[in-house]
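Everything numeric here is computed off the predicted structure, so don't read it as measured data. Keep in mind that the numbers below use all heavy atoms, side chains included, and drop hydrogens, waters and symmetry copies.
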Amino acid sequence: MPSPIRSLTTRDVRRYVDEQVFTSATPGNGHVGVEVEWVTRSVDRSAERHTVTPDQLLAALGLSAPGDVLPDGARVTFEPGGQLELSGPAFVCADTAIAAMARDAAVARRAVSAHGIDLVGIGLDPAGLRDRVIDGARYAAMEQYFDTQWPDGRVMMRNTASVQVNVDLGAPSHVESRWQRAHAIVPVLAAAFANSPFDTSGSLTGSRSSRLDVWRRLDPRRTRAAARPGTSAATAWTTYALDAPVMMIDTSAAPASANSAKSFAPIPRPLSFARWIHDGHELGWPTIDDFEYHLSTLFPPVRPRGWFELRTIDALPDEWWPVAVAVTAALLDDDTAADIATRASAAVAGRAHLAARDSCHDPELRTAVDQCFVAAIAALPRIGAASARAATEAYYERYVAPGRCPADDLHHDPCRWSPSSDVSVT
């Protein structure tokens, strides 16, 4: 909640970034965390829009509230359109992270299936704009903010799903190179795992990742990449955050109790966080807690949080999301694969939009993805992800070698997507 007096400076913000954002939350190297989302669909064709609510999902899972955890540690949360998200803890290697998430995902799928609910691994639900089934203050304010200029905000919130891979910052001497490398492989990951060729009406968009196209059409000051050539990671992120407009201001009563409801005021007129620090607002002056919350409303493809979140991968069928996790980890954590990825990615730098549209049908992206996959497959045993090698080799043979991606299974045969089955159809 804002302060009645000015108390925060840009120097305080930079200190927070240095001490909290770019100080490792998991000392050591090789930790991997996995976050997997699915579009949820009722198999009851009489149900309006097949919408599934969080209460229905919690009941099916035998849980009492969002944030509860499944047996292997995945935390259960929901997106505004009823998408189910499982967020795993950081594990010491990719194999352990993948195995734990796979077990929890299987538990979740069996539980909801018994209640007539499907979990669909696709980046953008093509069965119509979903209702917003979460009435929380954050999502209401977010929707109001996007509605001022970016109507695709509703699509992003309600109809999209992704796979997120979390990796260590690395040793202090490696943070800068890992920051740059994580940004460099964004087009490779976008192209390799594109899996959303439809818009919300079910029409082909001409893009292999319509989900990423939706993100591109949102407020660029909070969705574009944060890295800048010749600028340190902490400086780039501080500048990015200060320049980004304030989406909402926490107006909750203070001190807030554990059971008190949060309230937020959306900020429809542009107000950068730096300007808020300098000029204040009728609701008050920002505090470091307001800055911390502001960071949670920024959605670049690589977001630092004491680790690096890579947020560019479309949701995938259960057989393929482990491949995305393993490949991402290999390209960042194995020195040999990282060197190859750096060189391969240089040829497609800045081509995230092209990667979303054409995927591996673009010759240079196809070459970069191929080189990165070959390097990643060789690296998997070295980073503790040997169990993912067979699936990664299968993915390479099915998609990468012939210059395809999962969206092509749907792009050329839309009937393959069905609300009553996952999108992986052989």
Side-chain angles (χ1 to χ4, degrees), residues 33-89 91 96-136 139 157-164 195-196 202 314-325 387 391 406 409-410 415-426:
V34 183
E35 300 184 23
V36 183
E37 293 177 344
W38 295 270
V39 170
T40 56
R41 305 283 291 167
S42 170
V43 298
D44 180 2
R45 297 305 180 93
S46 66
E48 185 178 0
R49 294 181 182 271
H50 310 287
T51 299
V52 181
T53 67
D55 285 344
Q56 289 174 293
L57 288 162
L58 286 170
L61 293 167
L63 302 176
S64 59
D68 286 352
V69 298
L70 294 175
D72 277 87
R75 183 168 54 90
V76 175
T77 54
F78 308 100
E79 295 298 320
Q83 305 97 310
L84 174 65
E85 179 181 48
L86 300 186
S87 302
F91 288 94
T96 309
I98 291 169
M101 180 58 73
R103 288 190 294 269
D104 277 346
V107 167
R109 185 174 290 280
R110 286 193 299 269
V112 302
S113 178
H115 287 73
I117 299 169
D118 277 336
L119 302 180
V120 185
I122 191 170
L124 193 153
D125 182 4
L129 181 64
R130 298 170 71 92
D131 298 327
R132 180 162 62 84
V133 296
I134 298 180
D135 293 325
Y139 290 132
M157 294 170 66
R158 303 180 187 192
N159 280 63
T160 64
S162 66
V163 175
Q164 181 174 300
N195 188 38
S196 50
D314 279 356
L316 295 162
D318 286 354
E319 65 181 309
W320 298 135
W321 66 253
V323 174
V325 175
S387 67
D409 289 347
L410 314 177
C415 293
R416 284 175 179 257
W417 186 84
S418 166
S420 61
S421 66
D422 210 336
V423 297
S424 176
V425 179
T426 56

Answer yes or no: is there a side-chain heavy-atom contact under 4.5 Å between [X] and [Y]?
X: L58; Y: F78; result: yes
X: E79; Y: E85; result: yes
X: T40; Y: L119; result: yes
X: L410; Y: I122; result: yes
X: W38; Y: L86; result: yes
X: V36; Y: L316; result: no
X: V120; Y: D125; result: no

Considering non-hydrogen atoms only, spot the tightest contact between [X] and [Y] and give its length.
X: G128; Y: N159; result: O-ND2, 3.0 Å
X: R41; Y: V39; result: CD-CG1, 3.8 Å
X: L84; Y: A108; result: CD2-CB, 4.4 Å
X: M101; Y: A74; result: CE-CB, 4.2 Å
X: P54; Y: V133; result: CD-CG2, 3.7 Å
X: P71; Y: D104; result: N-OD1, 3.4 Å

Distance-only donor-acceptor check, side chains N195 and W321, under 3.5 Å: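 There is no such pair between these side chains.
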Taking E319 for its side chain and P317 for its backbone only, find out whether a donor-acceptor pair lies under 3.5 Å.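 No.
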Say you draw a straight line from [atom1] of [X] to [atom2] of [Y]; how long is it, rounded to the nearest 0.5 Å?
X: D118; Y: S113; atom1: CG; atom2: OG; answer: 6.5 Å
X: L129; Y: M157; atom1: CG; atom2: CE; answer: 11.0 Å
X: R130; Y: R158; atom1: CZ; atom2: CZ; answer: 10.5 Å
X: R75; Y: D68; atom1: CZ; atom2: CG; answer: 10.5 Å
X: Q56; Y: H115; atom1: CD; atom2: NE2; answer: 10.0 Å

Residues in side-chain hydrogen bond (donor to acceptor under 3.5 Å, both in side chains) with S387, at least two apart?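 Only D95 meet the side-chain hydrogen bond (donor to acceptor under 3.5 Å, both in side chains) criterion with S387.
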Taking only residues two or more places apart in sequence, or in another chain, which ones meet R103 in a salt bridge (Lys or Arg N to Asp or Glu O under 4.0 Å)?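 For R103, the residues satisfying salt bridge (Lys or Arg N to Asp or Glu O under 4.0 Å) (neighbours in sequence not counted) are D72.
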Under the criterion side chain to side chain contact (heavy atoms under 4.5 Å, CB included), I'd like the reasoning laid out for L63 against L70: C-alpha separation, chi angles, the key distance, then a yes or no. CA-CA 9 Å; L63 302 176; L70 294 175; 4.2 Å; yes
